[in-house]
Amino acid sequence: MDLRHLRYFTCLAEELHFGRAAGRLGISQPPLSQQIRALEEELGVQLFERTSRRVRLTEAGCQFLPAARATLAQADEAVQIARQAHRGDIGRLRLGFSTSVPFIPHVMDALSRFREAYPHVSLELDELPRDEQLSRLERGLVDIAIMRSFSPLQLPAHVQRVCLQREGVMLAMRKDHPLTRREAPLTFGDIEGEPLIMFGAINGAGFNERIMEEFAVLGFRPKVAMEAGSFATLLGLTAAGLGITVLSRSLARLNVDTLAFRPLDVPFTSELQMLHIEPSSAPATNFRRIISEAPA
């Protein structure tokens, strides 16, 4: 059934006058009469009683009118849903991220602006190790992956990458640690023999491997006191004075009363990267635009 027939029918049912209905529809009267007749023939029932003096609905027409209106309303709603989905106003955004990402103001501000701009998009946020993020991105289980890297990532050609932030690293330690009295930037050589607290391998972003390479260049292995399974545990153990740890510079913004941070002079940087695969969903495209528009 042609939706145009239903629109013509409901208009005529409201006006009960072919001339006025044709005027509302922006057509002449003969095509309107033809379309109403075609609808009646398709249904096999008479919808209007017509005389030279008046037009009125038959009983079949009266019963058909609310159903026709409901059908038109559903069709209009379907059109709006399709247009909203195309714009990214509805749908879902599946975001995978590394452990430290929730502490990065640039990313959190972008999420806040996205939520404000697209309140009807469902947000699915998963904290995942780097390899799991890449796996889910490849399998289409996340739309965007945000992760840290301390060395170049070997990515498939179809995975697109944007560097959101590039920064140095800091040494974190308890405030009464002797190294806090050093004014010049520290190096890895300065922490030889110091108990080092590291992320467990499952949570790494290639960082453990990278710093081990640097220690090897210096000719010694660090004294790994313990491994932390979460970022909160890493900070807590360091704040308790059980060892020192190395963090990306932006994480030094965290206000932990008993912690002190000092710059580390190292030959590498920490990169915060956003990965995606085209074609993207509209919500993913909108989020990438928002996070790219704001300064890091």
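Residues Arg94 and Leu123 fail the side-chain proximity criterion, which asks for heavy atoms closer than 4.5 Å. Side-chain contact between Val169 and Ile211: absent, with no pair of heavy atoms (C-beta onward) separated by less than 4.5 Å. Looking only at side-chain heavy atoms (C-beta outward), Val121 and Ile90 stay at 4.5 Å or farther from each other. Within the 4.5 Å cutoff, no side-chain heavy atoms of Thr180 are placed close to those of Phe261. The closest side-chain heavy-atom distance from Arg148 to Ser100 is below 4.5 Å. Side chains of Ile144 and Phe97 form no contact here, defined as non-hydrogen atoms less than 4.5 Å apart. Between Arg130 and Leu153, the closest side-chain pair of non-hydrogen atoms falls below 4.5 Å. Side-chain contact between Leu272 and Ile104 is present, with heavy atoms from C-beta onward closer than 4.5 Å.
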Inset, instruction - Take Asp126 and Arg136, measure what salt bridge (Lys or Arg N to Asp or Glu O under 4.0 Å) needs, and give me the verdict at the end. - result: CA-CA 11 Å; Asp126 286 307; Arg136 292 197 186 189; 3.8 Å; yes
Inset, instruction - Assess whether salt bridge (Lys or Arg N to Asp or Glu O under 4.0 Å) is satisfied between Arg37 and Glu42, documenting all intermediate values. - result: CA-CA 9 Å; Arg37 191 175 301 111; Glu42 181 179 356; over 6 Å; no
Legend entry - Ser112/Met108 under side chain to side chain contact (heavy atoms under 4.5 Å, CB included): CA gap, chis, key distance, verdict: CA-CA 6 Å; Ser112 177; Met108 294 300 103; over 6 Å; no
Inset, instruction - Show your working on ring-ring contact (aromatic ring centres under 6.0 Å, His included) between Tyr118 and Phe287 and close with a plain yes or no. - result: CA-CA 10 Å; Tyr118 303 99; Phe287 178 76; over 10 Å; no
Inset, instruction - Test Glu167 against Glu271 for side chain to side chain contact (heavy atoms under 4.5 Å, CB included), laying out the working first. - result: CA-CA 7 Å; Glu167 59 185 349; Glu271 289 191 8; over 6 Å; no
Inset, instruction - Could you give me the CA-CA distance, side-chain angles and deciding distance for Asp190 and Arg182, then say whether side chain to side chain contact (heavy atoms under 4.5 Å, CB included) is met? - result: CA-CA 10 Å; Asp190 295 316; Arg182 292 280 297 274; 3.5 Å; yes
Legend entry - Check against side chain to side chain contact (heavy atoms under 4.5 Å, CB included), Glu227 and Ile197: CA-CA 6 Å; Glu227 292 186 346; Ile197 303 173; over 6 Å; no
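For His120, the NE2 atom counts as loosely surrounded, since its 6.0 Å shell holds 12 or fewer non-hydrogen atoms of other residues, nucleotides or ligands. The number of heavy-atom neighbours closer than 6.0 Å to CZ of Arg54, taken from other residues, nucleotides and ligands shown, is 12 or below. With a 6.0 Å radius and a threshold of 12 heavy atoms from other residues, nucleotides or ligands, Glu278 has its CD atom above the threshold. Other residues, nucleotides and ligands contribute at most 12 non-hydrogen atoms within 6.0 Å of the CZ atom of Arg166.
The two residues Pro283 and Phe114 have their closest heavy-atom pair at O-CE1, 3.5 Å. Taking each heavy atom of Lys223 and Gly193 in turn, the nearest pair found is CD-O, 3.6 Å. Of all heavy-atom pairs spanning Asp143 and Ala284, the tightest one is CB-CB, 3.9 Å. What you find for Leu196 and Thr245 is that their closest heavy atoms are CD1-CA, 4.1 Å. Between Ile244 and Met173, the closest heavy-atom pair is CG2-CB, 3.6 Å. Residues Leu218 and Gly189 come closest through the heavy atom pair CD1-N, 3.6 Å.
Here the CZ atom belonging to Arg87 is positioned 14.5 Å from the OG1 atom belonging to Thr285, to the nearest 0.5 angstrom. Atom-to-atom distance recorded for Gln273:CD and Met147:CE is 8.0 Å, nearest 0.5 angstrom. The CG atom of Leu12 sits 15.5 Å away from the CZ atom of Arg7 when rounded to the nearest 0.5 Å. Considering CG of Leu125 and CG of Leu111, their distance stands at 6.0 Å, rounded to 0.5 Å. Separation of atoms CE (Met170) and CG (Leu251) is listed at 10.0 Å; rounding is to 0.5 Å. For the atom pair CZ (Phe231) and CZ (Phe103), the distance works out to 5.0 Å, reported to the nearest 0.5 Å.
Side-chain contact check for Thr58 and Glu49: no donor-acceptor pair (N or O, by modelled atom type) lies under 3.5 Å. Side-chain contact of Glu59 with Gln63: a donor-acceptor pair under 3.5 Å is present, judged by distance alone. A donor-acceptor pair shorter than 3.5 Å can be found between the side chains of Glu127 and Thr99. Using modelled atom types, one finds a donor on one side chain and an acceptor on the other under 3.5 Å when comparing Ser98 with Gln133. For the residue pair Ser135 and Arg139, a side-chain donor N or O sits within less than 3.5 Å of a side-chain acceptor on the partner. With no hydrogens or angles considered, no side-chain donor-acceptor pair links Arg174 and Thr238 at under 3.5 Å.
The pair Glu214-Arg210 counts as a salt bridge, with a side-chain nitrogen and a carboxylate oxygen less than 4.0 angstrom apart. Using a 4.0 Å cut-off between charged side-chain N and carboxylate O, Glu116 and Arg113 make no salt bridge. Salt-bridge check for Arg288 with Glu293: failed, with every basic side-chain N at 4.0 Å or more from each acidic carboxylate O. Salt bridge Arg20/Glu15: present, at least one basic N to carboxylate O contact under 4.0 Å. By the 4.0 Å N-to-carboxylate-O rule, Arg92 lies close enough to Glu124 to be salt-bridged with it. The pair Arg50-Glu40 meets the salt-bridge criterion, with a side-chain N (NZ, NE, NH1 or NH2) lying under 4.0 Å from an Asp/Glu carboxylate O.
Here the side chain of Ser292 pairs no donor or acceptor atom with the backbone of Arg289 at under 3.5 angstrom. A donor-acceptor pair under 3.5 Å links the side-chain atoms of Thr51 to the main chain of Arg53, judged by distance alone. Remark: the backbone N or O of His106 is not paired with any side-chain donor or acceptor of Asp109 at under 3.5 angstrom. Distance alone, capped at 3.5 Å, places no donor-acceptor pair between the Thr233 side chain and the Gly229 backbone.
Leu259 and Leu242 fall within the same hydrophobic cluster, where Ile, Leu, Val, Met, Phe, Trp and Tyr residues are linked whenever their side-chain heavy atoms come under 4.5 Å apart, directly or through other members. Both Val224 and Ile191 are part of a single hydrophobic cluster, where members link through side-chain heavy atoms under 4.5 Å apart. Following chains of ILVMFWY side-chain contacts shorter than 4.5 Å, one cannot reach Leu164 starting from Leu128, and the two form parts of different hydrophobic clusters. By the rule that hydrophobic residues join a cluster once side-chain heavy atoms approach within less than 4.5 Å of another member, Phe18 and Phe64 end up as members of one cluster. In the hydrophobic clustering of this structure, Leu264 groups with Phe268; members are Ile, Leu, Val, Met, Phe, Trp, Tyr whose side-chain heavy atoms approach within less than 4.5 Å, directly or through other members.
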